**Student:** 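Would you mind keeping the following structure in view while I ask a few things?
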Amino acid sequence: MTSPKSSLAVAATSTQDTAARGDGPAPVTRAQHDRMANAIRALAMDAVEQAKSGHPGLPMGAADIATVLFTRFLKFDPADPAWPDRDRFVLSAGHGSMLVYALLHLLGYEAMTIKEIKRFRQLGSLTPGHPENFITAGVETTTGPLGQGLGNAVGMAIAERHLATVFGQEVVDHHTYVLASDGDLMEGISQEAIALAGHLKLNKLVVLFDDNGISIDGPLSLSDSVDQVKRFEAAGWAATRVDGHDPEAIAKAIAAAQASARPSLIACRTTIGFGAPSKAGTEKSHGSPLGADEIKGARERLGWPEPAFVIPADVLALWRNAGKAGKAAHQSWNDRFAAIPSARRAEFERRLRGELPTEQLAAAVRAAKEKLAATPKETATRAASETALETLTVAVPEMIGGSADLTGSNNTRPKGMAVLSAADYSGRFIHYGVREHGMASAMNGMSLHGGIIPYSGTFLVFSDYCRPAIRLAALAGLRVIHVMTHDSIGLGEDGPTHQPVEHLAALRAIPNLFVFRPCDTVETVECWQLALRNAHAPSVLALTRQNLPQLRLGFDNANRCAAGAYEIAPAEKKDPEVSLFATGSEVAIAVEARKLLQERGVAARVVSVPCFELFSALPAAERQKVVGTAKVKVAVEAAVRQGWDEIIGSDGAFVGMTSFGASAPAKDLYKHFGITPQKVAEAALAKLGRA
Ligand SMILES: Cc1ncc(C[n+]2csc(CCOP(=O)(O)OP(=O)(O)O)c2C)c(N)n1
């Protein structure tokens, strides 16, 4: 079926690899194309019907777009879904998951059998309701929350440009394609994503907009009248409109996008539920099974007489051929990769495996700790983080930093780190602009792409603006590190709008997210090391604006924060009556309270709790040892109590916040809200009945 010219022939250069397929004549006739697209439609209808749930409309409407993209442009090899130089395809409108599953099956991804298609949306299947990259090989990211896939794709495209610059075009040279729906483009995050992509001139990013004018409530005209082409153009994109059911028009637009110096939007006018006799073009085909009669009618209209889940041999052969077309490009890449200097090859492979340069990292941490032991520093943990980054980013070259326009406050750009820009993608610091949501989503995309460990900066209070992406990072098990400074009322004068109170608890509630709140310079280094080691989980580093004393004195190469909680100041006597628990800036307060208690003849110990999640992961006996046997337990944290009962019990005393903060100098606020050594000591004494 495929003419030699249009098949994915071995290319002499990497750029040809990506362009070759779309430039030639169509690999199939129009009739063959239609049957291939109808195979997607049939599988989508049948799987949704069988599951009695799902979204047939999008796969049926976008089948022509997908058929053109996957048979004529996309560079991939079903035999190796993780091939580093594959093009990335992101289904941002994750509800249309059957589109991807049908493609993976038809193209010959081994694991995606017809049995899995029949098990759509069932427990333990490879075909969950929305695509999950950690479940299904060939799925690039986890989508469903609209807009996130588009944000991820921007990160993937940044990663591609950066790695191409660092490792060479012969190793990294691929496109990122996104299929986005009306919903994706209505979400606010899409504006952040497209603005950043346009600014960075990510010309290998191509968004195929499934422009069907329908969402759940009905016609888009109910709620939207944006001219998307103009919007993307205003953000620096090339943008065009095509008939999304005309394969040649789609192919021409994709070929033009590949040649563009800017990222490209192709608004493809489609009919949702294409082929369904009464439900096509209406919201009725969006998110529920079509029903037996409608499916029967669709089969007639589409000329698809086959029973459910049956793909005729000729159509399957066409698809499987398309699946094999990428082999040559893959082989040609293997050859090019084998020919690059071995040190560069090894480094690329290490990064793609997600393996840290363990020795360099250990040496960097050790050097930083030795320096702090020799010359202790009273400083804010955000500044301690900057000092740590000066050595860590040298040891770990895959770290790419950034900030959402708070670089000077977050201290995330260590001295000498060049800016990543459209003019120079080799830089390692990204000025994300005031775009926390887009930043967090792009970071997920970079991590998913591989070869990069992204870290960012914003204020802890704006973790709310990053939360949807952080949640997805936790679900998908992505190593992204969020530096979040100004982590309490300790930020002072900016007042309650900027003072996080509930944020630590809210972040700790996300499974598989590690929230670190170091108490001094040494803990900051240790927490950074732990965050970097979290290969399959995101981390938040909550850091202070205000200076803190260095509590960890003397050199200790062991990472004490690795336990999540540890005794930082033992009691003077055996069997202390009081255990004080604290995190971050409040550990110093607890240490002062310990002294006050001693003056009253009460033995107390202080436990620093830099990371709840690591502590919870300890075996019960070890946890018990850290919690201790003192009859009175007091926790101190300039935040709400929620979550602390696990450590101090419901009868423990808590010194923290029960309301929003206020605008005043930090010292006054701590006094006003009663988070002081005196109040902590008083709380302990009250529990002892000695107030
Ligand atoms: C952030 C977010 N909000 C709401 C939803 C629920 N939802 C799923 S699809 C959809 C809109 C459907 O319209 P469109 O994006 O145009 O998809 P189509 O109808 O074309 O399949 C909504 C609101 C979601 N998945 N994510």
Side-chain angles (χ1 to χ4, degrees), residues 31-71 91 93-107 109 112-122 125-131 136 139 144 179 181 210 212-216 244-245 247 268 270-316 318-319:
Q32 287 172 322
H33 165 93
D34 289 347
R35 277 172 69 68
M36 291 174 85
N38 286 341
I40 297 174
R41 295 186 174 109
L43 286 177
M45 289 192 292
D46 294 341
V48 171
E49 196 67 15
Q50 171 128 330
K52 298 191 185 70
S53 105
H55 302 76
L58 184 148
M60 294 176 80
D64 289 310
I65 305 169
T67 303
V68 171
L69 180 66
F70 277 75
T71 61
L91 179 66
H95 60 275
S97 58
M98 260 316 298
L99 178 73
V100 182
Y101 303 148
L103 286 164
L104 295 179
H105 171 66
L106 293 166
L107 288 161
Y109 282 76
M112 190 54 76
T113 58
I114 198 74
K115 206 168 135 204
E116 291 298 333
I117 302 279
K118 288 180 183 169
R119 295 180 63 219
F120 180 50
R121 295 189 153 222
Q122 304 309 302
S125 75
L126 296 182
T127 47
H130 292 81
T136 313
V139 167
L179 190 86
S181 67
D210 181 33
N212 62 25
I214 292 288
S215 67
I216 292 178
H245 298 298
C268 307
T270 59
T271 301
I272 190 170
F274 183 94
S278 74
K279 295 186 176 176
T282 78
E283 68 278 13
K284 292 197 178 78
S285 67
H286 160 83
S288 41
L290 294 178
D293 289 348
E294 188 78 3
I295 288 179
K296 189 163 166 273
R299 284 191 140 76
E300 278 159 19
R301 283 195 162 216
L302 296 171
W304 191 265
E306 275 69 31
F309 299 109
V310 173
I311 306 296
D314 65 312
V315 178
L316 193 62
L318 289 170
W319 271 113

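Please read all numbers here as calculations on a predicted model, not as lab measurements. When reading the values below, keep in mind they use all heavy atoms of this one structure, side chains included, and skip hydrogens, waters and symmetry mates.
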**Student:** What are the two closest non-hydrogen atoms of Pro128 and Ser125, and how far apart are they?
**Tutor:**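 Closest approach of Pro128 to Ser125, heavy atoms only: N-OG, 3.9 Å.
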**Student:** Looking at every heavy atom in both Leu126 and Thr136, which two are closest together, and how far apart are they?
**Tutor:** O-OG1, 2.7 Å
**Student:** Quick one: does any side-chain atom of Ser97 pair with a main-chain N or O of Pro131 as donor and acceptor, under 3.5 Å?
**Tutor:**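 Judged by distance alone, no pair lies under 3.5 Å.
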**Student:** Please report the shortest heavy-atom distance between Ser285 and Ile272, naming the atom on each side.
**Tutor:**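 Between these two residues, the closest heavy atoms are OG-CG1, 3.5 Å.
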**Student:** For Arg121 and Gly129, which heavy atoms make the closest approach, and how far apart are they?
**Tutor:**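 Closest heavy-atom pair between Arg121 and Gly129: NE-CA, 3.4 Å.
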**Student:** Side chains of Arg41 and Asn38: any donor to acceptor distance under 3.5 Å?
**Tutor:**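 Yes, because at least one side-chain N or O of Asn38 sits under 3.5 Å from a partner of the opposite role on Arg41.
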**Student:** Name the orientation class of the two ring planes belonging to His286 and His95 (parallel below 30°, tilted from 30 to 60°, perpendicular beyond 60°).
**Tutor:** tilted
**Student:** I'd like to know if the side chain of Thr271 reaches the main chain of Gly281, judged simply by a donor and an acceptor atom lying under 3.5 Å from each other, with no hydrogens or angles considered.
**Tutor:**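 Looks like no, no N/O pair under 3.5 Å.
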**Student:** Are any side-chain N or O atoms of Thr127 and backbone N or O atoms of Glu116, one a donor and one an acceptor, separated by less than 3.5 Å?
**Tutor:** yes
**Student:** Please identify which of these residues, Ile65, Asp210, Val68, meets the side-chain contact (heavy atoms from CB on, under 4.5 Å) condition with Cys268.
**Tutor:** Ile65
**Student:** For Trp304 and Ala39, indicate whether the former's side chain and the latter's backbone hold a donor-acceptor pair under 3.5 Å.
**Tutor:** no
**Student:** Ignoring hydrogens and angles, tell me if any N or O in the side chain of Gln50 forms a donor-acceptor pair with the backbone of Val48 under 3.5 Å.
**Tutor:**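 Between the backbone of Val48 and the side chain of Gln50 there is no qualifying donor-acceptor contact (under 3.5 Å).
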**Student:** Do you know which two heavy atoms are closest between Glu49 and Ile295, and how far apart they sit?
**Tutor:**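 Between these two residues, the closest heavy atoms are OE1-CD1, 3.3 Å.
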**Student:** If you measure from the Lys or Arg side-chain nitrogens to the Asp or Glu carboxylate oxygens, is any gap between Asp293 and Lys279 under 4.0 Å?
**Tutor:** no
**Student:** Measure across Ala93 and Leu58 and return the closest heavy-atom pair with its distance rounded to 0.1 Å.
**Tutor:**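 For Ala93 versus Leu58, the nearest heavy atoms are CB-CD1, 3.5 Å.
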**Student:** Is a side-chain N or O of Glu283 found less than 3.5 angstrom from the main chain of Ile214, in a donor-acceptor match?
**Tutor:** no
**Student:** Looking only at atom types and distance, does a side-chain atom of Arg299 sit under 3.5 Å from a main-chain N or O of Glu306, one as donor and one as acceptor?
**Tutor:** yes
